[in-house]
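The figures that follow rest on heavy atoms only: side chains count, while hydrogens, waters and symmetry mates do not.
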Amino acid sequence: MSLKLYNTLTRQLEPFEPLSPGRVSLYTCGPTVWNYAHIGNFRTFLFEDLLRRWLELSGYAVYHIMNLTDVDDRIIKEAGAKGLSIKEFVAPYIDAFQEDREYLRIAPAHDYPRATHFIPAMVRLVEGLLERGIAYRGDDGSVYFSIDRFPAYGALSQLDRRELRAGASTRVSADEYAKEDARDFALWKAARPEDEAVGAAWDAPFGRGRPGWHLECSAMALDLLKRRFKADVLDIHAGGVDLIFPHHEDEIAQSCAYTGETHFARYWMHGEFLNVRGAKMSKRFGNITTPRDLREDGIDAGAIRLLVFQTHYRQKLDLTDEGLRGAQEASRRLGEFGRRLLDRVSDADSRGFVLAGSRLRDEVREAFDDDLNAPRAIASMFDFMNEANRLLDAGERPGPSAVAEWQTADAALDISTVPRVTEIRPIIRPPIEGEPPMHLPEDPPDDPEALETWALAWATMRANAKAQRDFAAADRIRKMLRGSGYEVRDRRDGIVELVRL
RNA sequence: GGCGCCGUAGCCAAGUGGUAAGGCAGAGGUCUGCAAAACCUCCAUUCGUCGGUUCGAUUCCGACCGGCGCCUCCA
């Protein structure tokens, strides 16, 4: 069994074969940095992260490009309102995106090209299209792509060319009059005073202006691909379902018209939406949740990843508090188990672990190879966990192979929340005659380090109270510690675990 | 109007032409001074509705009901 991926281009599952053996070029549409990206945006980035990780675990050397769109209508408008250049306006959102990305454990792309850094490549592309007679200059000084001169248009979205016109009637753009055909799209937009004011205008042979929405992706992908792979065709291009039309359709049109290739990317993959109460997450609906919000609510990245991956990437996912809570608990259990497994590792796998490990490997591989069926892979991880816990309880020990299989599965998904545990062996001693009683403040200190010391001291106190069978005192201390974010676990071997909640 | 997706237990969610994975929640039990963690057991004769094809359909086909997305700058 080898990797099969669903290709939007053919609407079919296809065996994945990169153009050059062993190497994969992957381009994923990144954020428009006009605001904090929300968890719906990140669902797509998480799906792409899984794709990237699984390709790498399958032995491919992946070259992953994710663009940062740092010039568009919204950015120009917001920057203008704040009296900032687009460059200044965008900077904090780029930082925030990278912070959120790290928080969600999304592997960094190899390149994060910014639209404004690739103006020359875009100009070359537009010039090329003008030379080929596929693009034209409108009366408004903008440059448009003529859909009539690109017969393959519409292949990705399977939209009938004639139908596009009817649909467009509800949203007629202001510069409509300049186009030869309502369906044509802007490659280059003539500079307006508002653009100039925020530094969003560049000189070009065909007139001063700024790039259209789709242009950047084609220009940057082709430019980077040329440098790195000496090629004009991407292996995989991914994004959210809403990008199929017009964004990706237009990327294909301009790229292929420019390169003369049949494909811009051979595999097009699209992740479904994350919804809130059935509606898509969107600024317009005011139902935005960002990773930073979830982080503030104490939700671990592992839980968010688990929640997202428990639904197949081509299925809609509804974000609910209950779902989040459930994922948090499940993620914690996986992390708890991972810790237990590593704690008991030995030189050789017991018979039970050999079997459980090889079953996990087979199931996980089969699941991911089947169009990244993460829900099934996760189910296999839970099956392994349950079996392994049973084996551990029965005294069996895992060896390198079982541990490696577990770690491979977790390396693809990264859905565990490992508990923060401090283990102590408390010093038990009888109270000494005449010794003044230990005085520990009941209020926890604010400083995290002092808090840890404080908690450990109380845990020791509690162990002593227990040793003297003063269970009332012991239970009181445990309750107090819980109130300060520590759970106390008494192990059978006398070690006390303090778990930071 | 065009293109497309979805409807599986309280909640989330896989799945197959041969009789329903997994997670959360819930119930009971083991362990524990009591807990926590872990383990064991239980928890959909049924997969939106109605027809059809078939020896057999949740899985294929049709209709209907319900929810959702895209149709020019939204992941």
side-chain contact (heavy atoms from CB on, under 4.5 Å) with A:N275: of A:T320, A:D318, A:L319, only one passes, and it is A:D318
Atom CZ of A:R344 and atom P of B:A38 are separated, to the nearest Å, by 13 Å
From the candidates B:A38, B:A14, B:C3, the one with an atom nearest any side-chain atom of A:Q158 is B:C3
request  = Assign A:D242 to base, sugar-phosphate, or nothing according to its heavy-atom contacts below 4.0 angstrom with the strands shown.
outcome  = base
Self-check item: Distance, P atom - from B:G7 to B:A14, rounded to whole angstrom
Solution: 8 Å
Of B:A75, B:C71, B:A38, the nucleotide closest to the side chain of A:F245 is B:C71
**Study point:** Interatomic distance at P, B:A21 relative to B:C31, whole Å
**Key:** 31 Å
Partner of B:C43 under the Watson-Crick or G-U wobble criteria, both distances under 3.5 Å, comes out as none
*asked:* Just N and O in the side chain of A:R325: are any of them under 4.0 Å from OP1 or OP2 of B:C11?
replied: no
From the list A:Y153, A:Y136, A:F185, A:W213, ring-ring contact (aromatic ring centres under 6.0 Å, His included) with A:F145 holds only for A:F185
When both distances are under 3.5 Å in a Watson-Crick or G-U wobble arrangement, the nucleotide paired with B:C3 is B:G69
Regarding the side chain of A:K179, the nearest nucleotide among B:U72, B:G4, B:C39 is B:U72
Honestly, is A:R11 close enough over A:Y6, meaning NZ or CZ under 6.0 Å from the six-membered ring centre and within 45° of the axis? no
Any strand, both distances under 3.5 Å, Watson-Crick or G-U wobble: B:A14 pairs with none
TODO: Using the P atom on both, measure B:U46 against B:C3 and round to a whole Å.
DONE: 37 Å
TODO: For B:G69 and B:G28, measure between their P atoms and round to the nearest Å.
DONE: 42 Å
Any Lys/Arg nitrogen of A:D140 or A:R192 sitting under 4.0 Å from an Asp/Glu carboxylate oxygen of the other?
no
B:C74 versus B:G15 - spacing of their C1' atoms, nearest Å: 33 Å
In whole angstroms, the gap separating C1' of B:A25 from CG of A:L307 amounts to 15 Å
Checking all strands, does A:I244 fall into the base, sugar-phosphate, or nothing category for heavy-atom contacts under 4.0 angstrom? nothing
Looking only at B:C6, B:A75, B:C70, the nucleotide nearest the A:Q315 side chain is B:C6
Would you classify A:R314 as touching base, sugar-phosphate or nothing, given that sugar-phosphate means primed atoms plus P, OP1 and OP2, and contacts are heavy atoms under 4.0 Å? nothing
- Task: Identify whether any heavy atom of A:R462 sits under 4.0 Å from a base atom; if not, whether one sits that close to sugar-phosphate; answer base, sugar-phosphate or nothing.
- Result: base
### Query
Contact class for A:H247 (heavy atom, under 4.0 Å): base, sugar-phosphate, or nothing?
nothing
Mind checking if A:M381 touches a base, just sugar-phosphate, or nothing, with heavy atoms under 4.0 Å?
nothing
Would the base of B:C68 count as contacting A:K280 through its side chain, where contact means a donor and an acceptor less than 3.5 Å apart?
no
Of the listed B:G22, B:G23, B:A36, the closest approach to the A:A379 side chain comes from B:G22
- Does the side chain of A:R492 get closer than 4.0 angstrom to OP1 or OP2 of B:U32 through an N or O atom? yes
A:D383 atom CG is separated from B:A14 atom C1', nearest whole Å, by 12 Å
A:F97 ring center near A:F45 ring center (under 6.0 Å): yes
* Strictly under 6.0 Å, is that where the ring centroids of A:Y93 and A:Y36 end up? -> yes
Exercise for review: Could you give the distance separating B:C5 and B:C11 at their C1' atoms, to the nearest angstrom?
Suggested key: 22 Å
*Pick the P atom in B:A75 and in B:G18, then give their distance to the nearest Å.*
41 Å
Is there a donor and acceptor pair, one atom on the side chain of A:N275 and one on the base of B:G69, closer than 3.5 Å? no
Taking B:C24, B:A36, B:A37 as options, the one with an atom nearest any side-chain atom of A:A330 is B:C24
Looking at every strand, decide which applies to A:L274 at a 4.0 Å heavy-atom threshold: base, sugar-phosphate, or nothing. base
- request: Could you give the distance separating B:U58 and B:U53 at their P atoms, to the nearest angstrom?
  value: 15 Å
Is the phosphate of B:C39, meaning OP1 or OP2, less than 4.0 Å from a side-chain N or O of A:N389?
yes
Query raised in the report: What is the nucleic acid contact for A:V499, judged by heavy atoms within less than 4.0 Å: base, sugar-phosphate only, or nothing?
Result: nothing
- Name the nucleic acid region contacted by A:G271, choosing base, sugar-phosphate or nothing; use a 4.0 angstrom heavy-atom cut-off, strictly under. nothing
Using Watson-Crick geometry (N1-N3 plus N6-O4 or O6-N4) or G-U wobble (N1-O2, O6-N3), each under 3.5 Å, B:U19 is paired with none
* **Distance-only side-chain donor-acceptor flag, A:R101 / A:Q98, under 3.5 Å** => yes
So, A:F382 and B:G22: ring centres less than 5.5 Å apart, planes less than 30° off, yes or no?
no
Partner of B:C50 under the Watson-Crick or G-U wobble criteria, both distances under 3.5 Å, comes out as B:G62
By nearest-heavy-atom nucleotide on RNA chain B, the more 5' of A:G240 and A:D318 is A:D318
Picking from B:A36, B:A38, B:C70, the nucleotide nearest the side-chain atoms of A:D393 would be B:A38
From the list A:E497, A:R478, A:E452, side chain to side chain donor-acceptor pair (under 3.5 Å) with A:Y486 holds only for A:E452
Checking B:G4, B:G22, B:C24 against the side chain of A:Q310 (C-beta onward), the nearest is B:G22
Using Watson-Crick geometry (N1-N3 plus N6-O4 or O6-N4) or G-U wobble (N1-O2, O6-N3), each under 3.5 Å, B:A38 is paired with B:U30
From the candidates B:A38, B:A13, B:A36, the one with an atom nearest any side-chain atom of A:R489 is B:A36
Looking only at B:C68, B:A75, B:G33, the nucleotide nearest the A:K316 side chain is B:C68
Output for pair (A:F264 CZ, A:L234 CG), nearest 0.5 Å, gives 5.0 Å
Check this one for me: any side-chain N or O of A:N386 less than 4.0 Å away from OP1 or OP2 of B:G22? no
Given the structure, check if the side chain of A:R478 and the base of B:A35 hold any donor-acceptor pair shorter than 3.5 Å. yes
